[in-house]
Amino acid sequence: MLTPMIEKLRTVRQIRQYSSDPVPDDIVARLLEVAQWTGSSKNSQPWHFVVVRDRDALRGISQLRSNINWLAGAPLAIAIVLDGPGTSEAYDEGRVTERLLIAAHTLGLGGGTAWFGDDMQQGEAKRILGIPADRMARSMVAIGHPTSIKDPRPSPRPGGRKPLAEIVSYDRWGMPKR
């Protein structure tokens, strides 16, 4: 049981190309349940989720930054709206984002994170989605049936991973495993 679970986690990818097939409501409900049960600092649950299927809204947000232009092709995205700024909210936002990506992958879909950008771009995304000004919204997780794992952006980074020896120290910085 453990090996398949580790393999599933290891194979989660940032997906930026989706088919036009809709994401069924029962799958959306399961994803939202995963989000609901994600842990948060002091169990504050500082979030609200906006499920976005509206093509015009997704297109408008995709035009905020060239790096998220792929968002226009997603059949669905879930915006993560936080109660306010703060260290724990950023941590909690990361936790729920990763849970949504893993859950989508586990359910046979793909997911990708779209970061809105600077304060002005975040404000425009909030306007498009009708999010109150006193709330924080910096990103959304696109979800759909992947058509490719390739990065369609003009200057994608190379894939793969650095060797563990390059990114892991033991007991003290720079110390190899004994």
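Residues take their numbers from the sequence shown, with the count starting at 1.
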What is the minimum heavy-atom distance between [X] and [Y], and which atoms define it?
| X | Y | answer |
| --- | --- | --- |
| Tyr18 | Pro75 | CB-CD, 3.8 Å |
| Pro46 | Glu89 | CB-CG, 4.0 Å |
| Leu71 | Ser62 | CB-CB, 3.9 Å |
| Ala35 | Leu100 | CB-CD2, 4.1 Å |
| Arg135 | Lys126 | O-NZ, 2.5 Å |
| Leu76 | Leu58 | N-CD1, 4.3 Å |

According to a hydrophobic-cluster definition based on side-chain heavy atoms being under 4.5 Å apart (Ile, Leu, Val, Met, Phe, Trp, Tyr only), do [X] and [Y] belong together?
| X | Y | result |
| --- | --- | --- |
| Val51 | Leu101 | yes |
| Val96 | Val81 | no |
| Val12 | Val141 | yes |
| Trp70 | Ile128 | yes |
| Trp47 | Val52 | no |

Tell me, do [X] and [Y] make a side-chain contact under 4.5 Å, heavy atoms counted?
| X | Y | answer |
| --- | --- | --- |
| Ser139 | Glu93 | yes |
| Val28 | Arg53 | yes |
| Asn43 | Gln45 | yes |

Can you tell me how far apart [atom1] ([X]) and [atom2] ([Y]) are? Round to the nearest 0.5 Å.
| X | Y | atom1 | atom2 | result |
| --- | --- | --- | --- | --- |
| His48 | Asp83 | NE2 | CG | 10.5 Å |
| Ile143 | Leu31 | CD1 | CG | 4.5 Å |
| Thr3 | Arg10 | OG1 | CZ | 12.0 Å |
| Ser169 | Met175 | OG | CE | 9.0 Å |
| Ile80 | Arg138 | CD1 | CZ | 9.5 Å |
| Gln14 | Arg16 | CD | CZ | 4.0 Å |

* Pairs touching residues 57-73 that satisfy salt bridge (Lys or Arg N to Asp or Glu O under 4.0 Å), sequence neighbours left out -> Asp56-Arg59
* Structure fact -> The complete set of salt bridge (Lys or Arg N to Asp or Glu O under 4.0 Å) pairs with one or both residues in residues 99-113, sequence neighbours excluded, reads none
* Worked check of side-chain contact (heavy atoms from CB on, under 4.5 Å) between Asn69 and Gln63 -> CA-CA 6 Å; Asn69 62 3; Gln63 294 169 356; over 6 Å; no
Residues 103-121 side chain polar contacts: donor-acceptor under 3.5 Å, at least two apart:
{"from": "His105", "atom 1": "NE2", "to": "Lys8", "atom 2": "O", "distance (Å)": "3.4"}
{"from": "His105", "atom 1": "NE2", "to": "Thr11", "atom 2": "OG1", "distance (Å)": "2.9"}
{"from": "Thr106", "atom 1": "OG1", "to": "Ile102", "atom 2": "O", "distance (Å)": "2.9"}
{"from": "Asp118", "atom 1": "OD1", "to": "Met120", "atom 2": "N", "distance (Å)": "3.1"}
{"from": "Asp118", "atom 1": "OD1", "to": "Gln121", "atom 2": "N", "distance (Å)": "2.9"}
{"from": "Gln121", "atom 1": "OE1", "to": "Asp118", "atom 2": "N", "distance (Å)": "2.7"}
{"from": "Gln121", "atom 1": "NE2", "to": "Leu64", "atom 2": "O", "distance (Å)": "2.9"}

* List for me each residue that meets side-chain contact (heavy atoms from CB on, under 4.5 Å) alongside Ser41, sequence neighbours excluded, and say none if there are none. => Ser88, Asp92
* Could you tell me which residues satisfy side-chain contact (heavy atoms from CB on, under 4.5 Å) with Pro24, sequence neighbours excluded, listed by chain and number? => Asp26, Ile27
* Asked: Got a donor-acceptor contact below 3.5 angstrom from the Ser44 side chain to the Ser40 backbone?
  -> no
* Between Arg55 (side chain) and Ala72 (backbone), is there a donor-acceptor pair under 3.5 Å? -> yes
* For atom CG of Asp171, is the number of surrounding heavy atoms from other residues, nucleotides or ligands below 6.0 Å larger than 12? -> no
* Would Ile61 and Met140 satisfy side-chain contact (heavy atoms from CB on, under 4.5 Å), going step by step from the backbone distance to the final call? -> CA-CA 10 Å; Ile61 292 170; Met140 60 191 339; 4.0 Å; yes
* List the steps, then state whether salt bridge (Lys or Arg N to Asp or Glu O under 4.0 Å) holds for Asp25 with Arg30. => CA-CA 9 Å; Asp25 288 343; Arg30 293 180 79 188; over 6 Å; no
* Asked: Glu33: what forms a salt bridge (charged side-chain N to carboxylate O under 4.0 Å, His left out) with it, not counting sequence neighbours?
  -> none
